[in-house]
Amino acid sequence: MTVPGGWILAGVRTPFAKAGSVFKRVPSYELGRIAAAEVIARSELDPARIDEVVFGHCAMPSEAANSSRIVALRAGVPERVPAVTVHRNCASGMEAVANACHRIGSGDAKLVLAGGMESMSQIPLQFQYSYSDFLEGLMRAKTPGQKLGAMLKFRPAMLTPRIALAEGLTDLVCGLNMGETAEVLSREFRITRERQDEFALRSHQRALAARERLREEIVPVFPPPACEPVRDDVGPREGQTYEALARLKPYFDRRNGTVTVGNACQVTDGAAALLVGDDETARGWPTPPLGRIRAFAFAGLAPGRMGLGPVFAMAKALARAQITLTEIELFEINEAFAAQVIACQEAAKSAKFCRDELDLEQPLGEIPDERLNVNGGAIALGHPVGVSGARLLLTTLHEMKRRGARLGLASLCVGGGQGAAFVLERA
Amino acid sequence: MMNVFRVERRDGGLAHLVVDHPGRKLNVLDGDAIESLEAALGDLESSPPQGLIVISGKPGSFIAGADIDAIAGITDQALVHSLVRRGQAAYSRLAALRCPKVAAIDGVCLGGGTELVLACDSRIASEEPRTQIGLPEVLLGILPAWGGTTRLPRLIGLPAALDLILTGRALDARRAEKLGLVARAVPAAWLVERAEQHLAHVAKRPAKRREDRYRPRGFMDWVLDATVPGRALVFAQARKGVLARTGGAYPAPLAVLHVLEHTYGRPVEQGLVAEADAAAPLVVGRVCKNLVRIFRLSEDAKRANVVADPGVKAATVSSMALIGAGVMGAGIAELAARQGITVRMRELKAEALQKGLQVIRGVIGERGRKKRMAVREVDAQMAHVLPTLDLTGMAHADLALEAVVEDLDVKRRVFAELEVRIPPEALLASNTSSLSIDALASGLLHPGRFVGFHFFNPVHRMPLVEVVRGTRTSDTALVTAVVLARRLGKTPVVVKDSPGFVVNRVLMPYLREALHMLEEGYAVADLDSAMRRFGMPMGPFEVVDEVGLDVAQKVAGVLTAAFPERMKPSPALETLIAAGRLGRKNGRGFYRHRGRERKVDPSVRGLLGQQHQRRPQTVDTLTERMVLAMVNEAARCVEESIVAGAEQVDLAMIFGAGFPPYRGGVLRHADTVGLAHIASRLTAYHAEKGARFEPCALLMTKAAAGETFTGA
């Protein structure tokens, strides 16, 4: 069995902005377009060479069905190039790249534009079904008597909106929202509030220190109407202190919890676009590719413990790549929650966990803080759910280049109980 | 006799009156057409059909109007009158046919074409954007005289008809339907079928009330159209509007008002007589001749070959690199994006990109509101602009244009780094207004592909583009630039590389003369209002304030360097700039500006050290010197072959500087005044005021020989 892989030839992302801030009125497909058009322009690529366009997108807006297609056409990709949008919750960005690798491996494509887009600001409020039933009744009523009857059926409770964002972040099967799953892990692995807040602080500090470096992968966005330039991620907070984090009340378990909005990822808007190609395309590329996907894997686990997804996926991916964890020089684990990342670190080095849950004789190994999320993570930068997977690949490869590292690992936990992991390689 | 109109008999007693001019690409109502129409009408009168559909035999176009060349050539009033009456008679015969008559319009339908369909009982039109229905006669200095002036208000009401006729604008099918000009807007694919259906519908009406007629919607509509005081109000408003817009210099709109004031509500024949009486003097009049000439020149500019070899093909431009996102660059980016051209827009700073994007959004927004563009369309256009802070994304550009600051070294540096990032065949262009194209081209790797591409401010509204040919510019580069300018909706004029090109070159002595007169003590307000009364949209000082005193100074400097004897620098301008006055951009220039308002600034006099104010004897005292300065310089442009001929100078000054079209252009105006008179005045001023009035040798020669510049 050949492990499907591919070359990441180039990539670009927009700055990530906290939902409700500068990108509030920028639709997800506009962010996607900006990233896509820019990666094509920077690569001096003739877009007719693209064989497929795949973007991850969780909350696709009703006016942009198959948002990848909208992005493709608006970014100048010819009409003849097909496009598809994929959804694997938080790992949609990685799913898009995986999709590209499968197409390349099967010979269906030589060059794929893959990425992710998300506008969590624009996730709508929805009417209750009782209200749409009421409206339907009103429309059907013809005579004045019927109309009166229909109108009298109105109840104020019908106008209570369904908050789609909250619903989207709650798992239907286990009934827990994402924050609650983090609390599950904080209890299972005994991760204290203090440890989580320290982790969060470090994420902000690292992100701020990396601001200049991160500009390499970012394309500025000029949101209308003022078109004021946004060149850096909006999330990282200058002057963030441990004390300020410590003061926050737990959000998901008011009485006994440890997870706060400060040590959790931010609801965010953004997009990323990568060009993924086969060996021949990479050989002919005018600039050296960013790196190669050596192996990738998705794994499933109990939805209530979804935060451990990365560990399950890592085990699979490392096995496929035929390497051990200790050989990895640089790690990214998406910071959905500080508690969740720390739990992954604990689980990976726990012999008991690896034996019981992963059927491994030896523990996977240590994921040291100095080599994990070195330029900050989603706690500071934000987690636009459809995009983060793509961002992690991009940012890992850029940092590997800076350090001269050969092997890197990027992974995500996925709401609903999954994990995703990519093993990346640079010559 | 050419078969322009033919009658096709169909089943069921139906007939089609088909207009298909064998000698032309578009249907034009020339002498052949009228003769042929009369014959066709004879046929229809002798064997009357059960129903008639008037339709074009040229797919995608209906009738473009009357023969403009004939209008240009005719000089005999009596002949005009008889031709007008002949056309009216033919249309009246059509209207008098007893069968129901429906016109089916697809494509351009203007002037006499609209008048033809107005003689039918009803009309339908295709929904395609190419369908444009209107009466643009006023724009050529005449009025709809084949029954249009008389019949249109009876169909759509007096206020709407006046608006259409006085503005000369064309309507698409949907708007025409809304106004009642056509009964139905239908898909082009079903035009004939729907026409026949509509004909059957019209046939059901009693014979006396078969025609569509005006149905006022509401009390006010009725009052304004049907009552004496209501109509008086409409006429008064319309007259006020005309005078405000044209200052009474254009006789045609006033003639329209005169005809309707005297004949609206009276029998149609009275209206037709009034139309003919009004048309005759207009057609042979100077304003009409001048406007028709300008129309012809601008049509040529949109079509004619600009190089000797007709085989030279323009390269297609589907993507461009733009360096500089200032007001000009951003304006050009918007034009390009409108045509679906991808624009990679580069600036050094993010804030500069922000400003550029705001300009583009502003222009699109303005257009979008007027045309009611959907948000989708606005976003789609914006998506063509890709801002960048570096030089990536240009390797496939078909055109690279720079619109950076007017500095030779800066521009040279821009070209040096740009040249190696674009394909070698890409067109390279500069929006410079004052630098030499040859100077910019020296040091380029491929100077043959370099051309000047000078737009005017504001880019989306000024129709002129000066396409400047350097000594090394290749034919292909020139043709590509000219064709692109046309595609962007502009009127290109090819100019030789020389200081100021043509528009700034001719404007500068005019502005300089205004400054001389200011220095002599005349008032800013008097000089400006005199030139506005002459017909310029803004007076000279208003122009300088708009453009910016520093920019004007810069351009003047270039011209002073080139023509030191004739174009000396102005101490007044220097003094004001030194006092920190830059014009509208910083609120103070020759006027005080606040927002859109402009007020006379009394302190200017003090700054220039003047005690008294000179009051002129007549307005002409003021305008004569300024206009002579323009004329003299325009003549030099012809003498030095800066452009192909006097025609191009006139076209450029009207489209690029707002010279009044009714005067036909700077040199046409000179011919009208009389070159002999111009020559003697120039000689006099030369003796009195010095070298700047030295008469152009060519002008003197022509004056002596009794020749003209424009064949007037």
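The basis for the numbers below is simple: all heavy atoms, side chains too, and nothing from hydrogens, waters or symmetry mates. Note on naming: letters A, B, ... go to the chains in the order of the sequence lines (proteins, then strands), and numbering restarts at 1 for each one. Note that the structure is a prediction, hence the values are computed from the model and not measured.
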Worksheet item: Who passes salt bridge (charged side-chain N to carboxylate O under 4.0 Å, His left out) against D407(B), sequence neighbours left out?
Response: none

Response to the item:
Sorted by chain and number, sequence neighbours left out, salt bridge (charged side-chain N to carboxylate O under 4.0 Å, His left out) with E127(B) holds for none

Fill in: Residues that F222(A) engages under ring-ring contact (aromatic ring centres under 6.0 Å, His included), provided they are two or more places apart
none

Worksheet, complete the sentence: Paired with L357(B), the side-chain contact (heavy atoms from CB on, under 4.5 Å) test is passed by just one of P223(A), P224(A), C227(A), P229(A), namely C227(A)

Item to complete: Might you confirm whether atom CD of E597(B) has over 12 heavy atoms from other residues, nucleotides or ligands at distances under 6.0 Å?
Response: no

Worksheet entry | I34(A) portion near chain B, given a 4.5 angstrom heavy-atom threshold | neither

Worksheet, complete the sentence: When the 4.5 angstrom heavy-atom criterion is applied to P27(A) and chain B, the contacting part is neither

Discussion item. Less than 4.5 Å to any heavy atom of chain A: does that hold for the side chain of L389(B), its backbone, both, or neither?
Written reply: side chain

Pairs table: donor-acceptor atoms between chain B and chain A closer than 3.5 Å:
residue: R344(B); atom: NH1; partner: E38(A); partner atom: OE1; Å: 2.9
residue: R344(B); atom: NH2; partner: E38(A); partner atom: OE2; Å: 3.0
residue: Q354(B); atom: NE2; partner: A226(A); partner atom: O; Å: 3.1
residue: Q358(B); atom: NE2; partner: A226(A); partner atom: O; Å: 2.8
residue: R376(B); atom: O; partner: R74(A); partner atom: NH2; Å: 3.2
residue: A383(B); atom: O; partner: R33(A); partner atom: NH1; Å: 3.3
residue: G393(B); atom: N; partner: A41(A); partner atom: O; Å: 3.2
residue: G393(B); atom: N; partner: E44(A); partner atom: OE1; Å: 3.4
residue: G393(B); atom: N; partner: E44(A); partner atom: OE2; Å: 2.8
residue: M394(B); atom: N; partner: E44(A); partner atom: OE1; Å: 3.2
residue: A395(B); atom: N; partner: E44(A); partner atom: OE1; Å: 2.8
residue: H396(B); atom: NE2; partner: E44(A); partner atom: O; Å: 2.9

